[in-house]
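The residues of the chain are indexed from 1 along the displayed sequence.
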Amino acid sequence: MATTEHPPPSRLRTWMLEGLSDMGKQGGHTGPHAQPEPPHKGQRWWRVMCLTGVDYFSTLGYQPGIAALAAGLLSPIATIVLVIVTLAGALPVYRRVAEESPHGEGSIAMLERLLTFWKGKLFVLTLLGFAATDFLITITLSAADASTHLVENPHLTSTLHDKQMLITLVLVALLGAVFLKGFLEAIGVAVALVAAYLALNVVVVIVGVWHVATAGHVITDWSSALTAEHGNVFAMVGVALLVFPKLALGLSGFETGVAVMPHVRGDEGDTEEDPRGRIRDTKKLLTAAALIMSVFLIATSFITTLLIPEKEFESGGQANGRALAYLAHEYLGGTFGTVYDVSTIAILWFAGASAMAGLLNLMPRYLPRYGMAPHWARAVRPMVIVFTLVGFLVTWIFDADVDAQGGAYATGVLVLMSSAAIAVTIAARRAQQQGWTIGFAVVSAVLLYVTVANVVERPDGVKIGACFIAGIILISLLSRLARAFELRVTSVTLDDMAERFVRDMASRKMRFIANEPDQRDKAEYRDKIEQIRADNDMPEQEDFVFVEVTVTDPSEFEASLTVRGEVLHNRYRVLTLESSSVPNALAALLLHVRDSTNCTPHMYFEWTEGNPFANFLRFFLFGQGEVAPVTREVLREAEPDRGRRPRVHTG
């Protein structure tokens with residue numbers, strides 16, 4: 001029996017494709033062909049909180065400055081509005097997401113279950129585009145802000161003042177290098193970084209509050225200026241609500257909090273089907289992170305607004321993108337300020353690591369399963385290179401400017417949060433929980449308003465998001481087109497009757513007839529046999545088994561195949577299959593029969609009427625079309641050896 005020899009892969013290729021996903025070793029998606037990894041015990045919820053906290057808490061590096069630019073003297077009041085939306089809106093939404101999606105799939109998986117066929121796939125690809133916007137801009141924005149802290153350090157500014165772009169690119173490259181080396185467990189590092197960073201911020205906040213309290217005129221001057229500018233409390237609240245969408249960056253981190261759920265230990269009695277302890281502890285994680293961040297947001301917006309001159313927040317000012325670092329240097333000296341800068345740079349850079357981990361967990365979960373990414377998209381290292389190169393491009397486009405990237409970042413965050421709110425609203429409605437349905441609907445309306453307002457105010461955000469969406473959809477469809485003739489059945493299982501048919505045929509020539517089921521009456525099968533015999537000039541004593549494929553969801557790419565046998569009209573043997581693609585199902589069945597019997601099966605078709613190009617589009621979109629030549633092409637790609645390839649006959 002002939003065999004096909006393949007040259008051994010190069011060392012570089014072996015290294016690049018090592019494993020399907022390093023992240024899969026810690027609960028990430030590894031694809032249908034991956035070897036299962038042993039389950040890990042996980043970590044205590046407060047330690048995992050630090051992993052998501054490097055993304056969430058690191059926004060303190062730039063959020064107070066963004067709030068001051070957006071709201072001016074109203075920054076503390078606008079920040080209180082942000083905290084109310086966080087605790088009363090985003091937090092309940094993501095606590096419900098944790099219940100509905102306890103394996104880290106997030107709100108995208110919840111919405112995926114609501115839509116089927118191509119509209120569901122395109123909707124998920126759109127959300128993935130916004131998720132890519134969120135995570136990739138997190139990488140580039142955090143690196144840009146880290147470089148800002150480095151460049152603006154009083155000891156280094158004269159040396160590095162014109163090197164911000166280069167420093168940002170180096171930080172993005174270093175992040176990629178970490179993942180190329182192998183990034184499996186970052187929780188220990190995250191705990192140390194978050195503990196140090198929050199401790200330093202506590203010191204800055206205490207000193208800032210002390211200076212505000214001891215210099216009584218500061219509060220008096222601020223309140224007088226507020227009254228002169230806005231008149232009364234109601235006008236202040238109204239303006240704060242209007243500028244609130246500009247502060248939306250302070251809502252980031254919740255999607256990452258759900259994505260890290262697989263790392264949470266939970267209870268000893270937890271199972272994958274019912275991880276109650278993991279869900280409970282993830283809710284603790286989300287709640288604790290939101291409360292800690294809320295306290296810091298209010299305190300830092302208060303002291304930065306009262307203690308920093310307004311002109312310093314503007315582009316080129318010493319507090320632009322680094323308001324708390326400005327206070328650290330101003331009130332605690334250069335040594336403490338430098339330590340604070342180092343801590344901020346480290347956590348901002350590691351926030352990019354959290355985002356990269358999110359990308360590596362999210363993209364391989366969907367795209368390869370849809371057939372919309374090459375096989376290598378399941379491996380970490382090629383994807384790291386792709387994301388790093390895109391990070392370089394985004395950094396260059398935005399000139400490593402934190403303020404310029406804020407709109408795109410906020411758009412990605414808000415779209416994901418809005419979709420999560422809509423998903424939990426639908427889930428509550430299906431569970432007939434009227435109170436929660438109304439509450440989540442209100443949150444959805446608020447988040448949708450904030451999203452629309454942010455897009456109107458900063459259209460550059462939705463433009464870059466649209467570029468990511470268009471790129472993902474275009475590349476995905478091209479990839480699916482390139483893999484159109486790939487054998488994509490993961491396994492074939494025959495029931496007892498189907499096994500009996502195959503064993504009986506193995507003693508003679510194995511002949512199958514591909515039949516599109518119609519009435520399934522006696523005349524249909526009799527006429528089909530007569531047509532096949534006439535088209536192929538075969539004697540009447542030849543025996544056949546019919547094969548009928550019912551197309552389920554043609555947008556699915558990979559699936560297992562179950563074959564059932566039945567005898568119709570006490571005479572005709574029929575194998576029935578359900579699949580997303582008729583040619584793929586037939587090719588998989590023929591290869592399985594060949595391997596299980598060591599005999600070469602033959603399958604007989606009739607030509608499909610119509611334009612070949614139109615028939616190919618029908619196959620690509622709906623899993624049908626010109627079945628005979630496509631089945632033969634799938635077999636040709638799956639089995640290069642013509643001597644072992646099952647035979648296809650068309651009349």
> Under 4.5 Å between any side-chain heavy atoms of Q63 and T300, yes or no?
Replying inline: no
>> So that I can tick it off, tell me whether R280 and D267 are bridged by a salt bridge, with the cut-off set at under 4.0 angstrom between side-chain N and carboxylate O.
In response: yes
> Does a side-chain heavy-atom distance below 4.5 Å link F130 with L414?
Replying inline: no
> Does the side chain of L175 reach to within under 4.5 Å of the side chain of I139, using non-hydrogen atoms?
Replying inline: yes
> Taking it one step at a time, do R322 and H329 satisfy side-chain contact (heavy atoms from CB on, under 4.5 Å)?
Replying inline: CA-CA 11 Å; R322 56 185 300 276; H329 282 276; 3.5 Å; yes
> Closest heavy-atom contact between L193 and A346?
Replying inline: CD2-CB, 3.6 Å
>> Please find the pair of heavy atoms, one from V172 and one from A143, that lie closest to each other, and give the distance.
In response: CG2-CB, 3.9 Å
>> Main chain of I298, side chain of T79: is a donor-acceptor contact present, judged purely on distance under 3.5 Å?
In response: no
> So do the side chains of Y331 and L307 get within less than 4.5 Å of each other, counting heavy atoms only?
Replying inline: yes
>> We want to know whether T395 and T140 form a side-chain donor-acceptor pair, criterion being a heavy-atom distance below 3.5 angstrom.
In response: no
> So, W349 side chain and L171 main chain: donor-acceptor pair closer than 3.5 Å or not?
Replying inline: yes
> Rounded to the nearest 0.5 Å, how far does CG of L348 lie from CG of D341?
Replying inline: 10.5 Å
>> Please check this pair: side chain of S343 against backbone of V339, looking for a donor-acceptor N/O pair closer than 3.5 Å.
In response: no
> At their closest point, which heavy atom of A88 faces which heavy atom of V443, and how far apart are they?
Replying inline: O-CG2, 4.1 Å
>> With heavy-atom distances below 4.5 Å as the criterion, would you say the side chains of P309 and Y326 are in contact?
In response: yes
>> Checking Y340 against Y197 for the side-chain contact (heavy atoms from CB on, under 4.5 Å) test, could you report, in this order, the C-alpha distance in whole Å, the side-chain angles of both residues, the deciding distance, and whether it holds?
In response: CA-CA 8 Å; Y340 185 88; Y197 184 67; 4.0 Å; yes
> How close do L169 and F392 get, heavy atom to heavy atom, and via which atoms?
Replying inline: O-CE2, 3.4 Å
> What pairs with T344 under side chain to side chain donor-acceptor pair (under 3.5 Å), at least two apart in sequence or on another chain?
Replying inline: none
> Only one of V209, V203, V202 clears side-chain contact (heavy atoms from CB on, under 4.5 Å) with I206; which?
Replying inline: V202
>> Just checking F254 against Y56, ring centres under 6.0 Å apart?
In response: yes
>> I want to check something: taking the side chain as every heavy atom from C-beta on, are Y94 and V97 in contact at a cut-off of under 4.5 Å?
In response: yes
>> I need the K283 NZ to M261 CE distance, nearest 0.5 Å.
In response: 9.5 Å
> Does a salt bridge link E100 with R96, judged by any charged N lying under 4.0 Å from a carboxylate O?
Replying inline: yes
> Taking it one step at a time, do T214 and W210 satisfy side-chain contact (heavy atoms from CB on, under 4.5 Å)?
Replying inline: CA-CA 6 Å; T214 54; W210 184 81; 3.5 Å; yes
> Please walk me through it: do F440 and V93 pass side-chain contact (heavy atoms from CB on, under 4.5 Å)?
Replying inline: CA-CA 7 Å; F440 287 138; V93 164; 4.0 Å; yes
>> Return the CG to OG distance between L448 and S418, rounded to the nearest 0.5 Å.
In response: 4.5 Å
> How long is the span from the OG1 atom in T86 to the CG atom in L297, to the nearest 0.5 Å?
Replying inline: 7.0 Å
> Does the R265 side chain pair with the main chain of R278, one donor and one acceptor, at a distance under 3.5 Å?
Replying inline: no
> Should the ring pair F302 and W222 be called parallel, tilted or perpendicular, given that the plane angle runs from 0 to 90° and is split at 30 and 60?
Replying inline: perpendicular
> Does G72 offer a backbone N or O that forms a donor-acceptor pair with the side chain of S75 under 3.5 Å?
Replying inline: no
> Any donor-acceptor pair under 3.5 Å linking the side chain of S147 with the backbone of A144?
Replying inline: yes
> With no hydrogens and no angle check, is any side-chain donor or acceptor of T304 less than 3.5 Å from a backbone partner on S301?
Replying inline: yes
>> Distance check, rounded to the nearest 0.5 Å: T138 atom OG1 versus M356 atom CE?
In response: 11.5 Å
> What distance separates L416 CG from T451 OG1, expressed to the nearest 0.5 Å?
Replying inline: 9.5 Å
>> Can you confirm whether I292 sits close enough to M49 that some side-chain heavy atom of one is under 4.5 Å from a side-chain heavy atom of the other?
In response: yes
> Got a donor-acceptor contact below 3.5 angstrom from the Q43 side chain to the V264 backbone?
Replying inline: no
>> Show the nearest heavy-atom pair for residues V204 and L324, with the distance to one decimal.
In response: CG1-O, 4.1 Å
> Is there a side-chain contact between T282 and V258 (heavy atoms, below 4.5 Å)?
Replying inline: no
> I469 and T126: which non-hydrogen atoms are nearest, and at how many Å?
Replying inline: CG1-O, 3.6 Å
